[in-house]
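Notes follow the structure.
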Amino acid sequence: LPLPAREQHPQALSHTTKGQLSSSAYEGVTQLDISDLAVFSGLAEQKLAGLLQLKADGRTEFLSGGFDLTVDGKASRLKTENPALNGLLQGETSLSGRAARGEKGIEFERLRLGNNQFETTLNGRFATGSSDLQAQARIYNLSSITDEASGPLALDLSAKGKDSAHDLEARVSLSSGDLRNRPVENLIARLVGKLDKEQLAGRIDGSGQFNKAPFKLAGQMSYNLTS
């Protein structure tokens, strides 16, 4: 069943859809244009402002909740009630890539969200049966979110495994910056561990210079995700 449609909410929202609708799924292109995010302030339980344009191309399953979508969008003039988040979202923020949810779990292909202040990317699959997921996040200068720190922060995360056990590795680094007016150099912290059902356990190590003094850290951690 062909499905061309256009729905408008005065002054704020425009919704365009073109595709094929069946009893169990919809496949096509959806375009959403929001000229004032304030219309979603009640849903978010905080004041919002900004503009959003988003296109989604792909298939959505009604009964299973599965989907396979390629997205392309941008937002600007974003404002929330969180000052740190506002600093991160200055200017134009873009979203692109592919996301899917199905029998194989959740999959990402070059899914990117970013702007001049930060960038996050997701690639791979995360599922109960088998996982191979890589995630990266970059804040180009911490001063965009706080007055008490500066410098580029990087986070890299990988998760690989089968069934309910997954090997995890996370790395946080700050090459050069300051924390509360004290210099930080070559800061690196790593977590290598395993996520087994509801238990996360692993080894932590790190090194760097804080206030011109070298330091190292090492230890073990264990955390129950349900506690």
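Residue numbers count from 1 along this sequence.
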Following the transitive rule for hydrophobic clusters with a side-chain heavy-atom cut-off under 4.5 Å over Ile, Leu, Val, Met, Phe, Trp and Tyr, establish whether Val29 and Tyr26 coincide in one cluster. no
Rounded to the nearest 0.5 Å, what separates atom OG in Ser207 from atom CZ in Arg190? 6.5 Å
When rounded to the nearest 0.5 angstrom, what is the spacing between CD in Glu119 and CZ in Arg112? 4.5 Å
Enter the distance from Arg77:CZ to Leu89:CG here, rounded to the nearest 0.5 Å. 15.0 Å
Does the His166 side chain pair with the main chain of Ala127, one donor and one acceptor, at a distance under 3.5 Å? yes
Is a side-chain N or O of Gln117 found less than 3.5 angstrom from the main chain of Leu88, in a donor-acceptor match? yes
Take Gln134 and Ser158 through the side-chain hydrogen bond (donor to acceptor under 3.5 Å, both in side chains) test and state the conclusion after the steps. CA-CA 5 Å; Gln134 296 82 43; Ser158 68; over 6 Å; no
Could you point out which residue of Leu191, Leu200, Val192, Leu133 forms a side-chain contact (heavy atoms from CB on, under 4.5 Å) with Leu168? Leu200
Same hydrophobic cluster for Leu111 and Leu54, using side-chain heavy-atom links shorter than 4.5 Å among ILVMFWY? yes
In this structure, are over 12 heavy atoms from other groups packed under 6.0 Å from Asn224 atom CG? yes
Spell out, as yes or no, whether a donor-acceptor pair under 3.5 Å connects the side chain of Arg138 to the backbone of Leu155. yes
Take Ser14 and Asp33, measure what side-chain hydrogen bond (donor to acceptor under 3.5 Å, both in side chains) needs, and give me the verdict at the end. CA-CA 5 Å; Ser14 174; Asp33 295 289; 4.6 Å; no
Ser222/Gln199 under side-chain hydrogen bond (donor to acceptor under 3.5 Å, both in side chains): CA gap, chis, key distance, verdict: CA-CA 7 Å; Ser222 180; Gln199 192 72 26; 2.7 Å; yes
Asp167 bridged to Lys194 by N-O distance under 4.0 Å: yes
According to a hydrophobic-cluster definition based on side-chain heavy atoms being under 4.5 Å apart (Ile, Leu, Val, Met, Phe, Trp, Tyr only), do Leu78 and Leu43 belong together? yes
Same apolar cluster: Phe210 and Leu187, side chain cutoff 4.5 Å: yes
To the nearest 0.5 angstrom, please state how far the CG atom of Asn186 sits from the OG atom of Ser176. 8.0 Å
Which atom pair, heavy atoms only, marks the closest approach of Ala135 to Leu122? CB-CD2, 3.4 Å
Determine yes or no for a side-chain-to-main-chain donor-acceptor pair under 3.5 angstrom, with Asp57 supplying the side chain and Thr70 the backbone. no
Measure the CG-CD distance between Asp72 and Gln31 for me, rounded to the nearest 0.5 Å. 8.5 Å
Please identify each residue that fulfils side chain to side chain donor-acceptor pair (under 3.5 Å) with Ser143, with sequence neighbours left out. Asn141
Thr60 side chain to Phe67 backbone, donor-acceptor under 3.5 Å: no
Go through Ser94 and Asn115 one step at a time and tell me if the side-chain hydrogen bond (donor to acceptor under 3.5 Å, both in side chains) criterion holds. CA-CA 6 Å; Ser94 62; Asn115 57 26; over 6 Å; no
With a 3.5 Å distance limit and no angle check, can you tell me whether Asp36 reaches the backbone of Ala38 through a side-chain donor-acceptor pair? yes
Less than 4.0 Å between a side-chain N and a carboxylate O, is that true for Arg101 and Asp68? no
Can you tell me how far apart CG (Asn123) and CZ (Arg110) are? Round to the nearest 0.5 Å. 7.5 Å
Go through the side-chain N and O atoms of Ser76 and Glu92 and say whether any donor and acceptor fall under 3.5 Å apart. no
Under 4.0 Å between a side-chain nitrogen and a carboxylate oxygen: does that hold for Arg171 and Glu169? no
Is it the case that one hydrophobic cluster holds both Leu63 and Leu21, taking links as side-chain heavy atoms less than 4.5 Å apart, direct or via other members? no
Please determine, by modelled atom types, if Asp178 and Ser150 share a side-chain donor-acceptor pair under 3.5 angstrom. yes
Would you call Lys47-Glu81 a salt bridge at under 4.0 Å N-O? no
